[in-house]
Number of protein chains: 2
Amino acid sequence: MNRPAPRRRPGRPAKADAGDTKAELLRAALTLFARHGYAGTSVRAIAREVGLSESVLYAHFPGKQAIFEAALALGGPHITVAAIAGLDATPAGSPAAYVRDLAAAVLDAWDTPEGRRLASLAARDGLMHDPALADAIDASLEHLAGVFRRWLDDGLIRDDLGDADDLAYALLSPIAHARVLWLHDDATPAQRDKARERALRHADLFARAVTPPAARG
Amino acid sequence: MNRPAPRRRPGRPAKADAGDTKAELLRAALTLFARHGYAGTSVRAIAREVGLSESVLYAHFPGKQAIFEAALALGGPHITVAAIAGLDATPAGSPAAYVRDLAAAVLDAWDTPEGRRLASLAARDGLMHDPALADAIDASLEHLAGVFRRWLDDGLIRDDLGDADDLAYALLSPIAHARVLWLHDDATPAQRDKARERALRHADLFARAVTPPAARG
DNA sequence: ATTATCTATAGATCTATAGATAATGC
DNA sequence: ATTATCTATAGATCTATAGATAATGC
């Protein structure tokens, strides 16, 4: 992806040549960690990716673990939480419209270069098993369950399928699973299309399933 | 987990001491690869785990990559395909019963020490992105869609929610997602219970959702 | 003087191989 | 003689640090 980049001579580079080294290192780190995992990515490889000597990395970060954590923080799970929380769930819009909007919003948040890299990173280095990520997932499910709870109280959706938590899981997990399977860092464009289509079709199916008989044409 | 195991003296060990070294190596390899990934697991660590010198590994396998592949083959995705294909999907049992049986069957296949290790392994080393795994997932979805197609033709389930493929994804992906989140190698017993509960509750919800109005009490 | 880079290197670890050693099975 | 292990080691990494070098900004 990056030209091998000629080595610089010793000494501080002229202002014209100086990019934002720290940001470039982080970007390269995220790319490589996502592709090869923590253990499979050397400090050397990160430095080479941005065309610098490896020792420069220690001028910007205390060590490898610190780079990893900084790269991770670039786009943590809060992105998903924010995408869901930012939606309008007032009774003004119909439940069906909200469900479709939600699927579209999280897909947009996830299907970006950084979002895809983070999906790979989370899988590769066991962050899927990380308490911080688990909390974020629970928070998203809980938020959605709260929306469903209101709708159940208001009789806007069927109440004989399951409780609000079950409904939240039934809607979100197929969308999240599409991310795991087809929205990772080395997904092909065809796979990404498949993820979007599967997720959006699922949102439609879910919307139809929760619509009460009375409200159906 | 394993006692550090005292080093043997040089020379072929007496028959009494000789275990099935190759099998022990594979077991240790699967455990460590699942826990730390391919790059994070050294040949040395595998050998130490079974209490042998690292060079013994090269007597049984051509190299590290070969051990990895052999460990992987221990319990590939065919387990899931077999669990689903082994179910009785004749109209004799009701769709609702089949759906619940399917969830229970795949959970049983996945919630074993080896099954959990493979879930971690697949995530850690990008096998989630592997064509072989993708094919296995498609095969499972396709098999299930075939079952649904028959039921749709026979009017046993609602035909206004989505087509057979959509229904298959709506049932399977939440169960598979429970595996990804809570049935991996370092899942706690509480997480494993959560996985089972979530998956089984989802199967129930799905069964209720696809039951046609006419068939409901 | 400070900052941002480099070169060189220490010391740890990794994969893999060569060759020694001792029990087994013919 | 063959098999299953060991010890020792080569050669390639890897992380991290020390110290040189040259532009910047006061």
Side-chain angles (χ1 to χ4, degrees), chain A residues 2-29 31-33 35-72 124-125, chain B residues 2-29 32-33 35-71 124-125:
Chain A
N2 262 19
R3 350 106 205 135
R7 280 294 176 93
R8 283 183 167 82
R9 343 166 278 167
R12 180 174 182 163
K15 207 165 35 169
D17 297 357
D20 184 349
T21 297
K22 188 163 188 172
E24 282 172 39
L25 285 172
L26 278 179
R27 202 193 112 280
T31 302
L32 293 175
F33 283 136
R35 198 124 60 206
H36 309 295
Y38 181 82
T41 300
S42 66
V43 166
R44 192 163 295 176
I46 298 169
R48 189 171 310 144
E49 176 83 10
V50 301
L52 296 176
S53 136
E54 65 220 65
S55 65
V56 78
L57 222 140
Y58 294 94
H60 291 278
F61 303 95
K64 186 183 179 183
Q65 187 66 37
I67 308 167
F68 180 77
E69 277 155 27
L72 198 61
R124 287 247 158 80
D125 283 297
Chain B
N2 260 18
R3 351 107 204 133
R7 280 293 177 95
R8 282 182 168 83
R9 346 167 275 166
R12 179 174 183 161
K15 205 164 39 169
D17 298 354
D20 185 349
T21 297
K22 188 164 187 172
E24 284 172 37
L25 285 172
L26 277 178
R27 202 193 112 281
L32 293 175
F33 283 137
R35 199 124 59 205
H36 309 295
Y38 181 82
T41 300
S42 66
V43 167
R44 192 163 295 176
I46 298 170
R48 190 171 310 145
E49 176 82 12
V50 302
L52 296 176
S53 134
E54 65 220 66
S55 66
V56 79
L57 222 141
Y58 294 93
H60 292 278
F61 302 95
K64 187 183 179 183
Q65 187 66 38
I67 308 166
F68 181 77
E69 277 154 26
R124 287 249 157 77
D125 283 296

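First the proteins, then the strands, lettered A, B, ... as listed; each starts at 1.
- For A/His60 and C/dA4, the shortest distance from a side-chain N or O to OP1 or OP2 is not below 4.0 Å.
- Checking D/dT17 for Watson-Crick or G-U wobble geometry (two distances, each under 3.5 Å) identifies C/dA8 as its partner.
- For the pair A/Lys22 NZ and C/dT5 C1', the computed distance is 16 Å after rounding to whole Å.
- Relative to the ring axis of A/Phe33, A/Lys64 does not place its NZ or CZ within 45° and under 6.0 Å from the centre.
- Between D/dT7 and B/Ser53, no contact under 4.0 Å exists linking OP1 or OP2 to a side-chain N or O.
- Rounded to whole Å, atom P of D/dT13 lies 15 Å from atom NE2 of A/His36.
- In this structure, CG of A/Leu57 is placed 12 Å from P of D/dT17, rounded to the nearest angstrom.
- OP1 or OP2 of C/dT17 has not a single side-chain nitrogen or oxygen of B/Tyr58 nearer than 4.0 Å.
- Closest non-hydrogen pair, A/Gly63 versus A/Tyr58, comes out as CA-CE2, 4.0 Å.
- Remark: P of D/dC14 and CG of A/Leu32 are 12 Å apart, rounded to the nearest angstrom.
- Here D/dA10 presents its P atom at 15 Å from CD of B/Glu54, a figure rounded to the nearest Å.
- For the pair A/Ser55 and B/Ala45, nearest-nucleotide mapping onto DNA chain C gives the more 5' position to A/Ser55.
- Residue B/Arg44 contributes atom CZ, which lies 7 Å from atom P of C/dT15 at whole-angstrom precision.
- Residue order along DNA chain D, read from the 5' end via each residue's closest nucleotide, puts A/Lys64 first among A/Lys64 and A/Arg12.
- Protein atom CG of B/Leu52 is 11 Å distant from nucleotide atom P of D/dT7, rounded to whole Å.
- Of the listed residues (A/Ile67, A/Asp20, A/Ile46), just one forms a side chain to side chain contact (heavy atoms under 4.5 Å, CB included) with A/Leu25, and that residue is A/Ile46.
- In this structure D/dA23 sits in a base pair with C/dT2, meeting the Watson-Crick or G-U test at under 3.5 Å.
- A straight line from CD1 of A/Ile46 to C1' of D/dC14 spans 12 Å, rounded to a whole angstrom.
- Listed for the B/Arg124 side chain is no donor-acceptor partner under 3.5 Å among the backbone atoms of B/Tyr38.
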